[in-house]
Each structure stands twice: as C-alpha cells, then as structure tokens.
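Read the structure below first, then the notes.
A, B, ... follow the sequence lines: proteins, then strands. Residue 1 opens every chain.
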Amino acid sequence: MTRLGVWLVGVVLVAGLLGPMVLPLDPVAQELPLRLAGPSWSHPFGLDELGRDILARLLAGARVSLLVGMVVVSVSVTVGVTLGAIAGYAGGIVDDAISRVIDVLLAFPGLLLAIALVAVLGPSLAHVVLALSLIGWVGYARLVRGHVLRAREWDYVQAARALGASTPRILLRHILPSALPAVSVQATLGMGAAILSEASLSFLGLGVQPPSPSWGTMLNNGRVHLLDAPHLTLFPGVAIALLVLGFNFLGDGLRDRLDPHTTPQAN
Amino acid sequence: MRYLARRLLLTIPVLIGVLTLVFALIHFIPGDPVQAMLGETAAPKDVEELRHRLGLDAPLTTQYVRFMRGVAHGDLGRSLRTGQSVVSSIAERLPATAELALAAVALAVVIAIPLGVVAAVRRGSWIDHAAMVAALAGVSVPGFWLGPLLAFFFSVELGWLPVSGRGSWAHLVLPALSLGAALAAVLARMTRATLLEELSQPYVQAVRAKGASPARVVVRHALRNSLIPVVTLLGLQFGAVLTGTVVTETVFAWPGIGRLLIQSIGFRDYPMVQGCILFIAVTYVTVNLVTDLVYGTLDPRIRYE
C-alpha cells in the first residue's frame with residue numbers, strides 16, 4: 001500500500017511539474033467549435049464546455065493542488081508545532097490560553113470555518129490557503145502539546161535541564177525530534193485533506209477563480225454536462241481521488257512503520 | 001452527576017469562544033463590510049441605513065453585547081435578501097438537513113459495522129484487503145464527485161431514483177449514500193481495528209474455551225466492547241457529516257441549511273451566513289457533548305479528573 005501511495009503521489013508530482021513542458025498545451029486556450037468534444041488523439045481527455053483541453057487543465061490543476069497542499073501543511077506544521085511545544089512546555093496560563101483557542105477552533109466542524117472565512121474574505125486561492133492554514137495548525141498543536149507534556153518528565157530531558165540547557169535547546173534538540181514521526185504521519189495525511197478541502201471549496205465556487213484551472217472548479221463546471229459530456233466530470237474526479245488516496249496510503253504506511261503502538265494488522 | 005456537571009461547565013467557554021468567533025467574522029471582511037454587502041455602486045445613504053440596521057455604527061463592545069444578547073434570546077437578525085428572520089429561515093430548513101444527516105449516519109453504520117466485523121474475523125484474507133481498500137477509497141473519493149456519479153448511474157442510466165430534490169424516501173437514497181460513504185469508510189476501519197484488539201483479550205479466549213460458538217464470541221462479547229470507541233468516533237465524525245451536508249445539498253439541490261449557507265454566500269447575505277455557521281457549530285459542540293456523556297455511560301472507567 002505504501003508503495004502504491006508513493007507511485008500515485010509520484011506520478012501526479014512528475015505530471016504536474018514536467019507535464020506542461022512535455023505537452024505544450026495551453027490550459028486556457030479555447031477551441032469553441034470543438035467544445036465538449038470527447039477524447040481523441042489530439043485531445044486525449046477531450047475538451048470542456050469552452051473548448052479547453054482537459055488534460056492541459058488537469059496538469060495545471062495538479063500544480064495548484066500540490067501547491068495548496070504543500071503551503072497549507074508547511075504553515076500548519078510550523079505554527080502548530082511551535083504553539084503546541086510552547087503550550088506543553090510552559091504550562092500554566094500560556095498553556096490554558098493556547099488550549100482554549102484550540103478548543104474553540106476544534107468546535108467548528110471540518111471545513112465550516114474555512115467556508116466562513118473564504119465567504120467573508122472573498123473567493124481566491126490565497127484566501128483558501130489562508131483559511132485552511134488557520135484551521136490546519138490546530139491538529140499539530142494538539143498532537144505536539146500532548147507529546148511535550150509527557151516528554152518533559154522523561155529522565156534525559158530532566159538531565160538536560162539539570163545540566164543547564166536552555167528551553168529552546170531542550171525543545172529543539174531533545175523533545176521535538178521524538179515527535180517527528182507522529183507529525184510526519186499527520187502531515188502526509190494532512191496533504192490529502194488539504195487537497196480535498198481546496199477541491200471542495202473550489203467546487204462550491206469559493207476557491208480558485210476562472211479561468212485558472214482547479215480540479216474542484218473543473219468538476220463543478222462539468223456537473224451540468226454530466227449527461228452530454230461525462231468526461232468533464234470523470235477525469236478531474238479520478239485525479240482528485242487518486243492523489244488523495246495516494247497520500248492516505250502513504251500516511252497509513254508511514255504510521256505502520258514509524259509508530260510502535262500500531263501494527264499493520266491492527267490497522 | 002459530578003461528571004455531567006463538569007463536562008457541561010467545560011462546554012461553556014467553548015460556546016462563548018464559538019460565538020465570539022462567529023461575531024468577529026463580519027469584521028474580517030476587508031474594507032467596509034456594509035459596502036461589501038451592498039456592492040461598490042451602492043448609494044452612500046443605503047450604506048449608512050444598512051450600517052445602522054445591522055448595528056455596525058455602534059462601538060464594538062456594544063455590538064458584541066447586543067449580539068450575545070440576541071443569541072441568548074434566539075434572535076440572529078434578519079436576512080438582507082428576504083427580510084425574513086434568520087432563525088425562522090434556519091428552522092424551516094432544519095428538517096431537511098436533519099433527515100439527510102441522520103439517514104447518512106444510519107446508512108454508514110449499516111454498511112460499516114458488518115464490513116469491519118467481516119474484515120476483522122477474516123483478517124488477512126482477500127475480503128479483509130478488499131474491505132480496507134474500499135474503506136480507504138471511501139475516505140479519498142470526494143462527495144461532490146461521488147454524488148454526480150451515483151446520480152448518473154442510478155437516476156440517468158437505470159432510472160431507479162430521482163436525480164435531485166426532496167420528497168419521498170427515494171429522493172433521500174443518493175444524497176445519504178453520497179454523504180455517508182466517507183463516514184462508512186472511517187467507521188469500518190475503526191470497527192476492524194477495535195474488534196481485532198478485543199478478540200485478542202483474555203476474556204475472549206475464556207469464552208472460547210467455554211465452548212461458545214465463533215459467532216457468539218464475536219457478536220455477544222467482543223463486538224459489544226469494541227463498539228465503545230466506534231460510538232465516540234461516530235460522534236466526532238458527525239462534524240464531517242454536518243459540513244458534508246453543505247456540499248451534498250448543493251449537488252442534489254436538497255433544500256437544507258447547507259444549501260442555504262452557500263446561496264447566502266453568493267448573495268453576500270452575511271447575517272444569514274453568520275446564522276448558518278453559528279447553528280452548525282453549536283450543533284456540533286452539542287453532539288460532541290452528548291457523545292462524551294454517552295461514552296461515560298457506556299464505559300464507567302471514563303471519568304474526567
């Protein structure tokens with residue numbers, strides 16, 4: 001499963017990065033006489049409602065999806081790990097303040113807060129990234145806070161403290177490296193979740209705006225042509241599902257390998 | 001009783017935080033929120049009138065107190081588009097959303113638990129592998145793609161079920177299936193994992209040694225205990241179902257709160273957007289609270305210290 005995950009993610013990554021160089025197709029160029037045309041040799045995935053090449057748009061959309069996933073996960077990990085480590089190590093009022101913010105943000109189900117934020121900020125890719133990062137850090141902060149709370153009592157951490165190591169050094173050198181496996185698993189699964197969230201927001205008309213290609217927007221536009229041109233819906237849907245599945249396989253495989261508490265059988 | 005009181009007390013600051021954040025939403029609008037609601041071409045007189053009507057001309061603290069008092073009295077303002085009370089608009093659509101969410105949860109449970117049990121009992125077999133790949137696929141396939149695909153096959157090709165709208169039970173099947181698929185996937189994985197853990201416990205071996213049939217061992221003994229974390233997960237995942245209704249209702253033109261939210265965003269009807277967000281978030285907090293209480297009842301070892 002892990003290998004399949006590597007393959008799926010790898011294929012999309014290579015296609016997204018190298019595809020536009022190998023296949024010099026313009027994702028916004030229109031061939032109106034051929035609108036809604038099905039797959040052919042010149043257009044392997046067919047054309048959309050404005051006569052744009054679906055393969056070219058899928059490749060450009062892959063870049064958007066991967067970019068959103070990477071930026072959201074990077075920002076979320078940085079903010080979440082920092083705040084989680086501070087909350088767990090400092091304790092007291094600092095921990096209480098950070099934990100209450102986490103509790104409030106966790107009280108909003110899934111995408112709802114992102115929908116709300118994008119609704120008031122206005123639909124755009126930058127706002128999607130901002131909204132997803134604002135809710136994304138919470139999971140990492142909770143994970144790391146719990147880990148630091150346990151780790152600060154460990155003997156070697158106490159020994160480092162007794163030897164006069166500074167708080168940043170204890171956190172960065174002695175505690176946080178042991179949280180890395182769990183954070184990596186969550187980050188891998190988080191990539192899939194961020195990509196799915198961006199696609200959902202774009203599908204709802206709140207994400208990437210036309211004519212820029214996004215898999216979610218392509219699905220939304222293709223939905224009205226489900227009867228006369230199902231390829232408009234089929235290809236972006238398969239692309240989203242395979243990429244998210246790839247990250248989920250990868251995350252699951254990493255968890256089995258890195259987390260001693262779980263075994264492949266128990267998952 | 002102390003557990004109940006303590007858990008209820010812990011919910012209060014979270015609810016206040018949720019209300020504060022929903023209140024703040026309107027102030028996140030870049031520039032002038034009233035101008036954004038009416039558009040750039042609006043007359044200054046209209047802008048001032050709406051600003052006064054929404055109370056946005058008052059100091060922030062006064063606005064906050066007014067908002068909290070309004071929520072306490074069940075007053076979330078009026079829709080900018082229809083003039084109807086936000087609370088009554090939500091109440092009108094609540095039955096549709098509740099029907100869809102509950103049907104999705106019921107469908108997910110009916111599919112997931114047998115699937116998880118079969119996968120655990122036949123661990124390592126092709127059924128186990130197929131069930132778990134299906135479960136991972138269920139988490140990965142977006143509901144907004146699954147919905148149109150289901151509609152294409154079952155409504156257009158086979159003509160068995162209606163494409164969209166609300167009415168008979170037949171209208172409910174496809175939206176519930178589309179919304180419940182991801183939940184079913186998560187629950188099936190959890191059921192399998194917890195059942196495997198229970199099956200390796202000494203009490204299960206004792207029951208086996210006493211000669212109980214394999215079915216009795218699983219259904220009467222191991223499954224009962226393994227369902228406790230599954231119930232918790234079901235409660236936690238209810239949030240995903242609630243958010244999922246926004247997408248599913250849009251796909252199937254289901255007249256619920258999720259669709260109202262998206263339509264209100266399109267019309268920049270911010271009081272309605274605020275109301276819908278608040279309603280969904282408070283429902284989620286309440287469901288989590290109930291889940292925790294049920295968990296405490298199911299497993300007496302669980303107590304807040």
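- Within a 6.0 Å sphere centred on CZ of A:Arg100, heavy atoms belonging to other residues, nucleotides or ligands number more than 12.
- Ranked by non-hydrogen atom pairs under 4.5 Å with chain B, the options A:Leu113, A:Leu234, A:Leu243 are led by A:Leu234.
- Screening B:Thr243, B:Asn288, B:Val287, B:Val241 for a side chain to side chain contact (heavy atoms under 4.5 Å, CB included) involving A:Pro109 leaves a single residue, B:Thr243.
- Distance check, rounded to the nearest 0.5 Å: CG of A:Asn248 to CG of B:Leu136 gives 6.0 Å.
- Contact count versus chain A (heavy atoms, under 4.5 Å) is highest, among B:Gly124, B:Gly239, B:Pro13, B:Gly258, for B:Gly239.
- Environment of CG in B:Leu158: crowded, with over 12 heavy atoms of neighbouring residues, nucleotides or ligands closer than 6.0 Å.
- The distance from the CE atom of B:Met132 to the CG atom of A:Asp252 is 10.5 Å, given to the nearest 0.5 Å.
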Applying side-chain contact (heavy atoms from CB on, under 4.5 Å), run through A:Leu204 and B:Ile265 and close with a yes or a no.
CA-CA 10 Å; A:Leu204 292 170; B:Ile265 290 173; over 6 Å; no

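- Of the atoms belonging to B:Val14, heavy atoms from both backbone and side chain fall under 4.5 Å from chain A.
- Pairing each heavy atom of B:Phe144 with each of A:Ile240, the nearest pair is CE1-CD1, 4.1 Å.
- The parts of B:Val251 that come within reach of chain A are both its backbone and its side chain, each placing non-hydrogen atoms under 4.5 angstrom from that chain.
- With a threshold of 4.5 angstrom between heavy atoms, A:Phe108 approaches chain B through its backbone and through its side chain.
- Interface summary for chain B: among A:Val101, A:Asn220, A:Thr233, the most heavy-atom pairs under 4.5 angstrom belong to A:Thr233.
- Ranked by heavy-atom pairs shorter than 4.5 Å toward chain B, the options A:Ile195, A:Leu219, A:Asp103 are led by A:Leu219.
- Across all their heavy atoms, A:Leu105 and B:Leu21 have their closest contact at CD2-CD2, 3.9 Å.
- For chain A, the option among B:Leu15, B:Val273, B:Ile280 with the highest count of heavy-atom pairs below 4.5 Å is B:Ile280.
- For the set B:Leu242, B:Val247, B:Leu261, the entry with the most heavy-atom pairs within less than 4.5 Å of chain A is B:Val247.
- Of all the listed residues (B:Val156, B:Leu25, B:Val285), the one sharing the greatest number of non-hydrogen pairs under 4.5 Å with chain A is B:Leu25.
- The candidate from B:Val141, B:Ile262, B:Leu149, B:Val133 with the greatest count of non-hydrogen atom pairs under 4.5 Å with chain A is B:Ile262.
- Closest approach of A:Arg223 and B:Thr250 over heavy atoms only: NH1-O, 3.7 Å.
- The OH atom of B:Tyr284 sits 7.0 Å away from atom CG of A:Leu106, with the distance rounded to the nearest 0.5 Å.
- The two atoms that bring B:Phe152 and A:Leu226 nearest to each other are CE1-O, 3.5 Å, heavy atoms only.
- Across B:Ser140 and A:Leu196, no two heavy atoms sit closer than the pair O-CD1, 4.0 Å.
- The shortest non-hydrogen separation linking B:Tyr270 to A:Ala119 is OH-O, 3.4 Å.
- Using a 4.5 Å cut-off between heavy atoms, A:Val238 touches chain B through backbone and side chain atoms alike.
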